[in-house]
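Right, one structure below, let's go through it.
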Amino acid sequence: MYCGRFAPTPSGRLHLGSLLSAAGAYLRALQAGGRCLLRLEDLDRPRCKAEYAGSIIADLKTLGFAFPEPVLIQSTDLDPYAQAVETLIHSGQAFVCACSRRAIREHPCTCRELHLPYKRGRAIRLQCSAALRDFTDERLGRIHVPLIPDSLILKRSDGIYSYNLACVVDDLRQGVTEVVRGSDLIASTPLQIYLYELLGAKAPRFLHLPLITARGGGKLSKQNHAAPILSRYQPSEAILLVLKLLGQDTRGLEGVTPAEIWPQAAQRFDLNAIARHDIEID
Ligand SMILES: [Zn+2]
């Protein structure tokens, strides 16, 4: 059975870009007759706030999403990440690294040969294979990622498990069959597929959505579309806006309640209508 997910980082309120990812993941799951889980990726504690986690969940509800309970909140249980790191150290793929950030910039890390014991202040890294640079995206086809680092952080020196590790561990244990997310994560995908292999699991399918950028190539600012979506738009308006940005047919969906829009939009959801490049807005 199809299982997708929407996995925002609660470092702010829900904005246009995150709503676009949520919509893509949700519509894909509804159309496949499967389910879409919600996961809050809040391991990077300094960036995240509990109030944002609450506001994202509330905003998604207002926007008519019905995610199955319970919502997985990463910071509430670190054991699965610790176990995965342990497995990778035992199989000789991961190693303890004592390099400072500055040292890493100046010369490649050679800690793997040293077999250092783990202690506070040291990072855990994974040796990467540069051969793994290609993957197939469900929408974009074969993708080549030119730059793969020779090692990947699994646990930072400040004790925080990395995004890549936690994402793979969670997609695995939640039974996710397809990852729908923004194209900013394309560069991480081959590394994540490699992690699945090392953990003895089959990787899910991947589908990357276009990013929303300001016209002229700028970044979205807090004053415009990076602002909380529900501070600028009524819920139904916000949904119709992202459906249009995804190239979808919104005829007949005006005046429909948020909860009713999604199943109707899913019926006519057309993957091929989504732009193959970033979406520029004013
Ligand atoms: Zn090192």
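Counting starts at 1 for both ligands and their atoms, in listed order.
Using a 3.5 Å distance cut-off with no hydrogens or angles, the side chains of Thr189 and Arg181 do pair a donor with an acceptor.
The ring pair (Phe, Tyr, Trp, His ring centres under 6.0 Å) pairs that include a residue from residues 176-213 are Phe135-His208, where partners are two or more places apart or lie in different chains.
Distances from the Zn ion (ligand 1) under 2.8 Å pick out these protein N/O/S atoms: Cys97 SG, Cys99 SG, Cys109 SG, Cys111 SG.
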Indicate every side-chain donor-acceptor pair of residues 107-124 with a distance under 3.5 Å to a residue at least two apart or in another chain.
{"unit_1": "Arg112", "atom_1": "NH2", "unit_2": "Gly92", "atom_2": "O", "d": "2.8"}
{"unit_1": "Tyr118", "atom_1": "OH", "unit_2": "Lys155", "atom_2": "NZ", "d": "3.4"}
{"unit_1": "Arg122", "atom_1": "NH1", "unit_2": "Pro117", "atom_2": "O", "d": "2.9"}

Solution key, residues 168-176 side-chain donor-acceptor pairs under 3.5 Å, sequence neighbours excluded:
{"unit_1": "Asp170", "atom_1": "OD1", "unit_2": "Tyr81", "atom_2": "OH", "d": "3.1"}
{"unit_1": "Asp170", "atom_1": "OD1", "unit_2": "Arg173", "atom_2": "NE", "d": "2.7"}
{"unit_1": "Asp170", "atom_1": "OD1", "unit_2": "Arg173", "atom_2": "NH2", "d": "2.8"}
{"unit_1": "Asp170", "atom_1": "OD2", "unit_2": "Gln74", "atom_2": "NE2", "d": "2.6"}
{"unit_1": "Asp170", "atom_1": "OD2", "unit_2": "Tyr81", "atom_2": "OH", "d": "2.9"}
{"unit_1": "Asp171", "atom_1": "OD1", "unit_2": "Arg5", "atom_2": "NE", "d": "2.8"}
{"unit_1": "Asp171", "atom_1": "OD1", "unit_2": "Arg39", "atom_2": "NH1", "d": "2.8"}
{"unit_1": "Asp171", "atom_1": "OD1", "unit_2": "Arg39", "atom_2": "NH2", "d": "3.2"}
{"unit_1": "Asp171", "atom_1": "OD2", "unit_2": "Arg5", "atom_2": "NE", "d": "3.3"}
{"unit_1": "Asp171", "atom_1": "OD2", "unit_2": "Arg5", "atom_2": "NH2", "d": "3.0"}
{"unit_1": "Arg173", "atom_1": "NH2", "unit_2": "Tyr81", "atom_2": "OH", "d": "3.4"}
{"unit_1": "Gln174", "atom_1": "OE1", "unit_2": "Arg39", "atom_2": "NH1", "d": "3.0"}

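Checked against a 6.0 Å centroid threshold, the rings of Phe65 and Tyr26 count as neighbours.
The existence of a salt bridge linking Asp137 and Arg142 is excluded, since no basic side-chain nitrogen approaches an acidic carboxylate oxygen closer than 4.0 Å.
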